[in-house]
Structure formats: C-alpha cells, structure tokens
There are 2 protein chains.
Amino acid sequence: MDRRVTKKDDETSAGERPTLKTLAFMTGLGVTTVSRALKDAPEIGAETRRRVQLVAKQIGYRPNRAGVRLRTGKTNVISLVLNTENELMSFVSDIIYGVTEVIADTPYHLIVTPYSRSQDPLDPVRYLVETGSADGVIISRTQPNDPRARYLLERGIPFATHGRTDMGLVHPYHDFDNYAFASEAVRHLAGLGRRRMALLTPPIGLTYHGHTVNGFTDALSEVGASEVPFNTVTIDHSIEQIRMRTAQLMQRKDRPDGFVSSAAAATLAIVAGIEDAGLKLGRDVDVVSKQSSELLHLFRRELFVVNESFRLAGSELARAVLGWIGGKEPGSLQSLSKPGEVLSYRG
Amino acid sequence: MDRRVTKKDDETSAGERPTLKTLAFMTGLGVTTVSRALKDAPEIGAETRRRVQLVAKQIGYRPNRAGVRLRTGKTNVISLVLNTENELMSFVSDIIYGVTEVIADTPYHLIVTPYSRSQDPLDPVRYLVETGSADGVIISRTQPNDPRARYLLERGIPFATHGRTDMGLVHPYHDFDNYAFASEAVRHLAGLGRRRMALLTPPIGLTYHGHTVNGFTDALSEVGASEVPFNTVTIDHSIEQIRMRTAQLMQRKDRPDGFVSSAAAATLAIVAGIEDAGLKLGRDVDVVSKQSSELLHLFRRELFVVNESFRLAGSELARAVLGWIGGKEPGSLQSLSKPGEVLSYRG
DNA sequence: TTGGCAATCTGTAACGTTTCAGTATACTAG
DNA sequence: CTAGTATACTGAAACGTTACAGATTGCCAA
C-alpha cells in the first residue's frame, strides 16, 4: 500500500501559518463554511459565523494573498506609476505617504512602478494591465489627452490621475487649482506694484501647464499688467539651466519685475539667476512660488509662497482609486484642491 | 451524461492571457515539460527547449505571479520599510529610484511598507514576515542593536540595512561613511581657522549618530579645536526648533564659529538661526553640511557641502538583497560609500 | 535476445482560496 | 402525512504553477 505522507492527512496544527483548512479543523466545519463565515455570507448561521470569526481572530488568521489572487484575480495592490527622472522629489515622498496613510487599514499594498524618460509612459501601465498586477493605478504627470487614462478606461481598470485630463472622458482625479494659484500670484504681484511679469511654467504638455498659463494670462489682463515671455525653460529643466536663463532674462532692459514659479526647487534657481544679474529680490523683483514643503521662507524671506500638499494629493488619489474599485461612480471621485493665501515672511 | 462545460476541454486559444497550458497546447507538449523547458531544466531536449522558449516569447507568455507564489512561496517582491514621519524627503524619493533602477530587469516588484512614529518599528517587519509578503526587505534608520535586523536574521529572511548595526551579527548593508564626513568637515573648518565647533547630529539611537559624533570628536582633538555642545536638537527635529536652538546658541558669548550639519534641510534652519542672531555666514561662522540634492549652494554660497547619494544607496541595497536572495554570502554584500571632497561655491 | 540505463517527456497532486452544485435537516403548508 | 422549501452546511473543481514519481523510447552491453 502506498503510504506516502501527504499534507492532507496530517497536522493542521503545527506552527505553520493558519489557513482555512486550519480553521475548518479547529471549528469542526468545512472549509467552504469557514470561508463564507469570514466574509459574512448570508447563509451561515449567526452563531457559527461568530464562532469562526472569533477563532480566526484568536489564531491570527490572515488570508493568503496568493490564494485569493489566483482564485479571484484580485491582487489587493495599488500601483503608483512614476517617472524616475522628472518627478519632484517632494512629490514622490509625500504622495507615497499620502497613499499609504489611506491604505494602511485596508488589505492593499502599494507598489511603485517606475518608468524612465526614454520609455513610452504607456509602457508601465500596459505592463500592469497585461500582467494583471494591480487592482488600481495612480498616474501622475497627466496630459489633456492622456493615452494612459484612455487605455485604462478602455480596459476597465480603476485608476486616478494626479491632474485632470481633457478628453471628454470621466474618471477620478485629484488636482490642485493651478489656475487659481497663478492668478492669485499675479494679483498679489500687482498689489505690490509689479507690472511686468514672467511665469516659470510646469512642463509643456501636462494639463496643469495650460491651467497655470491661463490663470496667469487671465489675471494679467485683469490687473492690466504685461507678460515677459519666459518660455525657453520649465520646472522640468535643470537648476542650472533655469538659473542661466533667468540671469539672461534679468539682464535685458525689458526685464520682468515679478515672477511666478510653479515649483520650489526652480524658485531657488530663479532667485540665484536674479542675483547673478546683480538684482535684489524684494527690491527689483518679487517672486511668488508654489512649494510643497515649508522651506522657501528660510531661503529668502522676501519670497512669497503658496503651499500645495502632495500628501493630501496622495490621500485623495488613494481614496479615489479605492472608491472606484469599491464600485462608486468615477464621476463622484474627483477633487480639486484650492490654494491657500499667498504667504509672506518678510519683516 | 453530465455535459457542463469546464475550462478543461475548451479553447486554450482565446484572447486570454497565455498560461503554461496554452503553451503546452501550442507546442503539443505536456504542461510539465513546458514549465521545465522555460527554466532551462537539464532533462529537456535542446530542441524542445528552444522551441518552447520561442513560442513563449512570440505569444508574450509571462508566468502568473499568483500561481508561482502560491506554489513556491516566492513572492518576487522586495519591501522597502519606511518611517512616514522621520525619513528625509529626498531620501525616500532617491532610494526608491535607486531600488527600482536595479530591479527593473528582474521579475521583482517594489512595495512600500510604512510605519508611523507611534508604532513599534518592528511591526511592519513582523507583518511582512508573518504574511510572507516579501522575499527581501530593506530597512532604514538602522540602530546599533537593531531588533528588526535580529528578527529577520532569526527567520532567515534576506534583508539589507541602510546603515550598519553593531550586534556582532553579519548581514548586508550599505552605509555612507559618516565618520569620514564628520572628520573631514571638522578638518575643513579648522583649515578656515575655526576653533569652536558645533555638530547637528543624526537622530540619537541610530548607528550613524555614533559614527558622526566619533568622527567629529576625533577630528576635533586631532586639530586641537573644541566642541560647543549642541545636543538639544537633531536633524529629526522640526525646522523651527533647530532654528530657535541655533539662534539661542549663537547669542551666547561662547558661541561656535563652525557648524557641521548632517542634513540639508536642517542646514537651512541652522543658517536661519545664525542670521536670526544677527551673525553672518562665512564671516562669523562657517557651516559644512551634507546634502543629497545639489541645492544648498543656491541657498547660501558660503555653505560648504558634502554630497551623499541616496540613489546610490538604493541601488546598493537592492543589489545586496537580491544577492542574498540569490544565495550569495551576506558578508560579501556590504558596502560603504566614501564621502567626496568638501565642496565650496564661494567666489 | 534480454536487461539495463540514459534521455525525454508526462500525469497527478498540491499550494489556499472561492464558487458551483449539491445534501441533510427541520419546518411549513396543504 | 406528504410535499415543498428555507436554512445551514459541505465536497469537488478550478485558478497557474512546480515537484514528485513515473512512463516511454532507444541504445548498448552481455
């Protein structure tokens, strides 16, 4: 007689990780019953349900992710898709914290899926979908006509974008109101008597580039100030390039007397460029900048800042994706964060 | 006759994701043979092997992670364990990029496992191990006697630490030579004629706190300079606290004329504090700081900086963990990164 | 010819879960 | 007293993979 020892007949008791079989053995029930009892299925007796759940809690049962995933296709994974070259440093760290904060008491794990400049941004998303690696996706650097959003929408994969699209398609997003930021900034500069303003824009092609530019130009005409073109460079460019371009710009006689900057690191470069040109911040020129960590006021107290919280963005994006996965209407999972006041630290 | 349609008898051909069964059907081989052929098992004929691999490539076969994981326990996941409150911003972003760079052409995914100040740092690690969620773990904020390292070592889970331990146990690590940094910094300040130096240390309890302090004090006695105690605050403290303490310190008559700072953000605060006290950087006091992004020179060109690359750390840590998983000796997977020169931007 | 063995290939079971199609029991309606 | 039905539970199959224990074939030595 063949008497190989299989797992079937032996200890359901050892120091191994408990499974449904363990629970079934301990409660004297079938595996099926245990499974259903744990998820509050209706056809399980109230007492049985409680008993199973109690035992499960006692022995610290945790469903095996691979088992669930294999059987159901549910991965319990959210993927954050990031560009490894162009994301802002603070963005990455804060958005991750924001996301993890929200998924902390869910079964979800966060995986980071990177792509580099050379790659098609669609690549990582395609990979995720083709390999079924995530239940939901968060993408950044959103474009008005975003192939990734379109692709995910076509496949029915829940996702949320940091930034809006403009394709007539509805999907969850979180965005900062950069139109409001730019126009507030311009109004603030105008209030200081500045009349000739330059804008350091977000990367061309991203949706919020347009928002920012529109807010800027609309407010310019509202306050009757004029624009000094500064479009050879964006916040994606290197510190050194921005610095150099700023210095060049400030050496011209028709130089701006006000700057609006879309990112903190870029603002350091702008200020350096201004000073390279022998001019003084607060006297010859004023700068309003967005920042995500409250550090710029230490750099030069003459700077004006508007705060944007990427941690909030991360939380909102996670909430949105989870909401969609959970069956909510995509259209109800959109949020826009309004900028606070323009803050000053002088004096 | 029972003629339910099961998956067994039908299409292995549809638009679904290909599995081993698909490949088996296409090649006319058994599932087992296909499985072995794909992993270059020895008992598969050379031609068969090539044929299977060709077909697999053609139809874009990718092993189902859940299947592999369920069967073998291998998750193909590396987890980065992060403190959501105290990590440096640049650290998080750069280390993630460093890690992803290395695992990009492996089957590994990176998951971020967070924990907060209130929690026991062991919690997330315990979770990972108990749920078998990762093949390897990367931990930061390493302590001389690190319970996490001990725990992982006991369970035989491959890991690497950012920073060394001091428990007489051998495990992979990557570290920056903070002893060298601090002592070089002191020597540099001494070279500028500074005689009374203060050190803004890393968080107390972390291994590199000790390295930094030792490098600092050893070099002090080497150059015959003296220490001005500045230990009410560390780089973990808030910007405002560091600034306030620095200002207080600089108002005393026995104030330091040189600072060594272990982090860039903290350096901003130190400089602010110095200036709050009405003193001038480069004249009354000099500061040498570590930084991980090259931004400090824009802040004040009088600053002296030493660069530490967290991206490199991430890559090295990933390489170390993968190496251990791959069977290399833990002791051979340790690396120490030497600081470059103290850089100056004045002039 | 026969036995042995190397070279290739294959079926089955198992990992832990959920779903499908039941089964057993007790209760209700007629 | 029977048939129908609601309640509570259960075994088997399947998800995709790998490991184990064969099975088949051909070749060579004796």
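Letters A, B, ... mirror the listed sequences (proteins, then strands); counts begin at 1. All values below were derived from every heavy atom in this structure, side-chain atoms included, with hydrogens, water molecules and symmetry-related copies excluded.
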Would Glu47(A) and Arg50(A) pass as an ion pair if we require N to O under 4.0 Å? no
According to a strict under-4.0 Å criterion, is Lys21(A) in side-chain N/O contact with OP1 or OP2 of dG16(C)? no
When rounded to whole Å, the CG to C1' distance for the pair Leu20(A) and dC9(D) reads 15 Å
Which salt bridge (Lys or Arg N to Asp or Glu O under 4.0 Å) pairs, counting each pair once, include a residue from residues 320-336 of chain B, with sequence neighbours left out? none
Does a donor on one side chain and an acceptor on the other come within less than 3.5 Å for Arg150(A) and Asn145(A)? yes
By nearest atom, which of the nucleotides dC15(D), dC9(D), dC9(C) is closest to the Thr33(A) side chain? dC9(D)
What is the distance, rounded to the nearest whole Å, between atom CG of Leu29(A) and atom C1' of dA24(C)? 15 Å
Name the closest nucleotide to the Leu70(A) side chain, picking from dT17(D), dC15(D), dT18(C). dC15(D)
Among residues 42-69 of chain B, which contact DNA chain D at a heavy-atom distance under 4.0 Å? Tyr61(B), Pro63(B), Asn64(B), Gly67(B), Val68(B)
With a 6.0 Å cut-off on ring centres, are Tyr173(B) and His162(B) close enough? no
Heavy atoms under 4.0 Å, any strand shown: does Thr32(A) hit a base, just sugar-phosphate, or nothing? base
Side chains of Ser79(B) and Thr113(B), donor plus acceptor under 3.5 Å: yes
Does dT17(D) have OP1 or OP2 under 4.0 Å away from a side-chain N or O of Thr72(B)? no
Decide whether Ser140(B) and Glu87(B) meet the rule of one side-chain donor and one side-chain acceptor closer than 3.5 Å. yes
Atom CZ of Arg36(A) and atom P of dA21(C): how far apart are they, to the nearest Å? 13 Å
